[in-house]
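Okay, so here's the structure we're looking at.
Not measured: the values here are computed from a predicted model. Start at 1 and go down the list; that is how both ligands and their atoms are numbered.
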Amino acid sequence: MCGIVGYVGKRKAYPVLIKGLHRLEYRGYDSAGVALLSNQHRLNVYKSQGKVSVLEDTAHNQDLSGNIGIAHTRWATHGEPSHRNSHPHTSRSGRLAMVHNGIIENYAELKQLLLDAGYTFKSDTDTEVVVQLIEYLQESLQLSFVDSVQKALQKVVGSYAIAVLDESEPDTLVAARKGSPLVVGVGDDELFLGSDASPIVEYTNRVIYLEDEDMVVLQAGFTTSEPKITLMTIHGEAKEPNIQQVTMNVSELEKGGYDHYMLKEICEQPHSLRCCIESAKQSLTPQTIELLNANRILITACGTSWHAGLVGKYAIEQLARLPVEVEHASEFRYRQPVISKGDIVVAISQSGETADTLAAIELARREGAKVLSICNVVGSSIPRASDAVVYTMVGPEIGVASTKAFTAQVAVLMMMALRLGHARGKLDEPLYTALTTEMDELPSKIESAIRQRESIRRMAQTLSFAQSCIYMGRGYNYPVALEGALKLKEISYIHAEGYPAAEMKHGPIALISQEMPVVTIAPQGSIYDKLVSNVQEVCARHGRVMAIVTEGDTQVSKMADSIITIPKVSECLSPIVTIVPLQLLSYYVACIKGCDVDQPRNLAKSVTVE
Ligand code: F6R
């Protein structure tokens with residue numbers, strides 16, 4: 001995970017780097033640091049444990065001069081979150097500074113080589129091993145800065161995005177990637193580096209997405225006045241930079257008057273869903289539907305995206321009558337799954353950078369299956385590794401807890417199911433037309449759920465006292481129960497479990513007491529009556545039920561302690577509406593408990609390590 005920023009140009013580097021780190025803080029916030037090549041061509045490194053704001057306090061009143069620098073915000077992998085493990089890491093002489101995102105798998109072996117050569121280490125990180133290795137190669141083989149970085153990367157096994165500075169070459173920044181993302185921004189007389197385009201877009205919309213094993217040399221051109229980009233592979237082959245335009249705009253990266261990104265992203269779902277549905281209509285061409293019309297669909301994803309995949313399975317099997325399996329990417333990649341050429345793998349990822357999902361795609365393609373990805377971040381690694389992509393187009397999702405990405409992923413899967421069912425002749429014309437039309441009405445149904453914020457906030461007061469909580473639903477709303485429980489635990493740290501309601505009596509009902517709230521997702525639908533019985537079973541054991549019900553509901557409403565109503569919606573489309581009050585519920589519980597909603601403890605938004 002971790003976020004990297006770099007700057008080379010005529011501006012003062014420090015403010016650009018700090019602003020960039022704030023934009024990338026969603027990637028990790030255990031510690032932050034910056035390295036600047038000062039006006040006196042000295043390498044100044046400042047770092048601190050904690051968020052970027054702590055780094056700003058640390059750096060205050062220090063020499064922050066210089067037009068070239070690198071910076072980092074960390075999500076700890078090797079070594080605990082601490083000052084000494086914070087990036088940038090420096091070499092023995094203090095001449096080199098490096099920031100890194102990823103994991104160096106052979107770091108122990110490389111460290112031993114350096115220990116044998118008399119090197120000592122100041123941190124527990126794999127990153128420090130690489131920066132020391134670069135200096136070791138520079139000195140022992142008399143290599144230039146660029147050549148020594150290249151040579152070191154040839155010895156490294158693992159994943160990385162790195163940026164390195166050398167005090168003795170004060171106009172040069174070297175960066176490289178393998179398995180972790182890195183983007184170069186090309187301004188008129190300045191160059192930027194970022195783990196994604198968010199720290200770059202307010203200066204330029206021209207970017208170069210580095211490919212795996214690319215290495216780039218960014219030079220300030222103090223003598224030529226023009227900054228220069230040299231692109232090559234880590235094996236020394238020259239490459240022509242492919243400059244592309246990004247469409248992201250700066251206002252999408254701001255909170256826009258909301259207290260938190262999460263609340264903004266929940267509330268913008270009516271709009272984001274409209275954008276997603278329009279984009280999916282274009283992307284789901286007859287060719288894409290033909291690609292999906294395989295013997296079997298294997299959906300792979302992690303976390304919230306996996307929950308969306310589970311809704312997709314219900315929809316595709318019901319509406320298109322095609323077998324679907326849903327797998328956690330982290331399991332799929334290691335359990336030798338049976339994949340055949342007639343299968344299609346659908347990979348779902350908001351960020352497009354989740355390491356396990358990327359590895360699952362690579363495995364599927366090696367086994368001969370085609371891969372279609374559903375992704376939000378344009379140009380990220382997962383769509384680039386896939387045969388086809390459908391973008392959700394909901395704009396940047398910055399709150400660590402995923403919200404608008406989920407509703408969009410489900411919407412895309414639903415459209416896939418509808419078009420596939422129609423193309424396969426499994427869905428009659430009137431139903432196909434009715435459901436397709438209803439999809440366009442979903443944004444206003446979500447709006448109506450959002451309008452009930454006050455009642456949801458009141459429900460949250462009660463839930464905020466709970467130690468533990470159960471979410472239950474059936475059919476299409478079982479994955480919603482899982483997702484609602486995940487939202488609660490990740491931002492309010494209250495233990496929560498999602499269950500298929502009828503499974504309660506096979507064990508979990510033993511947990512029911514007055515202290516155990518049971519959040520029940522009970523919209524009208526074919527299975528409503530069965531769910532009513534499950535709610536009765538909970539009430540008979542003095543459980544406290546909070547329910548999401550359809551407007552006009554009578555049965556569950558009578559038994560529940562509190563209810564939130566949603567408009568009438570077809571069963572298969574209901575998860576897109578029922579999840580919204582649950583997102584708000586967890587949001588308000590976290591606020592009441594004083595939790596850090598956008599940056600919950602121990603988490604980071606994109607998990608680029610396994
Ligand atoms: C939960 C959450 C995570 C992500 C998971 C996959 O709110 O955000 O569970 O869904 O890390 O991330 P993507 O979708 O980027 O692959």
Ligand-side contact atoms (ligand 1) for residue partner Ser349, heavy atom cut-off under 4.0 Å: 13 (P), 14 (O), 15 (O), 16 (O)

Minimum heavy-atom distance Cys375-Ser380, with the two atoms named: SG-OG, 3.6 Å

Could you tell me whether Lys404 and Glu268 have a side-chain N and a carboxylate O separated by less than 4.0 Å? yes

Can you find a side-chain donor-acceptor pair between His271 and Gln269 that sits under 3.5 Å? no

Could you tell me which atoms of ligand 1, counted from 1 in the order shown, lie closer than 4.0 angstrom to a heavy atom of Ser305? 10 (O), 13 (P), 14 (O)

For atom 11 (O) of ligand 1, what's the nearest protein heavy-atom neighbour? Residue, atom name and distance, please. Val607 CG2, 4.1 Å

How close does the nearest protein non-hydrogen atom get to atom 7 (O) of ligand 1, and which residue and atom is it? Glu490 OE2, 2.6 Å

Would Tyr587 and His260 count as a close aromatic pair, with their ring centres under 6.0 Å? yes

Yes or no: does Asn376 have any heavy atom under 4.0 Å from an atom of ligand 1? no

Do the side chain of Ser305 and the main chain of Ala301 share a donor and acceptor less than 3.5 angstrom apart? no

Atom 2 (C) of ligand 1 has as its nearest protein heavy atom Thr304 OG1, 3.8 Å

Return yes when Lys487 approaches ligand 1 closer than 4.0 angstrom through a heavy atom, no otherwise. yes

Would you mind checking which non-hydrogen protein atom is closest to atom 12 (O) of ligand 1, with the distance to 0.1 Å? Thr354 OG1, 3.4 Å

Hey, does the side chain of Glu317 reach the backbone of Val324 with a donor-acceptor pair shorter than 3.5 angstrom? yes

Keeping the roles fixed (side chain from Gln49, backbone from Asp30), state whether a donor-acceptor pair exists under 3.5 Å. no

So is there a nitrogen or oxygen of Gln409 less than 3.5 Å from a nitrogen or oxygen in ligand 1? no

Quick one: do Arg177 and Asp212 make a salt bridge, cutoff under 4.0 Å? yes

Honestly, for Glu353 the part within reach of ligand 1 (heavy atoms, under 4.0 Å) is neither

If we only count N/O pairs under 3.5 Å, is Thr357 in contact with ligand 1? no

At under 4.0 Å between heavy atoms, which part of Ile382 makes contact with ligand 1: side chain, backbone, both or neither? neither

Residue, atom name and distance, where the atom is the protein heavy atom closest to atom 15 (O) of ligand 1: Ser351 OG, 2.6 Å

Check ligand 1 against Ala401 and write out every atom of the ligand that is under 4.0 Å from a heavy-atom position of the residue. 7 (O)

Decide ring pair (Phe, Tyr, Trp, His ring centres under 6.0 Å) for Phe192 and Tyr203; before the verdict, give the C-alpha distance in whole Å, the side-chain angles of both, and the deciding distance to 0.1 Å. CA-CA 9 Å; Phe192 304 84; Tyr203 309 101; 4.8 Å; yes

Do we see a donor-acceptor contact under 3.5 Å between the side chains of Thr125 and Asn85? no

For atom 5 (C) of ligand 1, find the nearest protein heavy atom and state the residue, atom name and distance (0.1 Å precision). Cys302 O, 3.6 Å

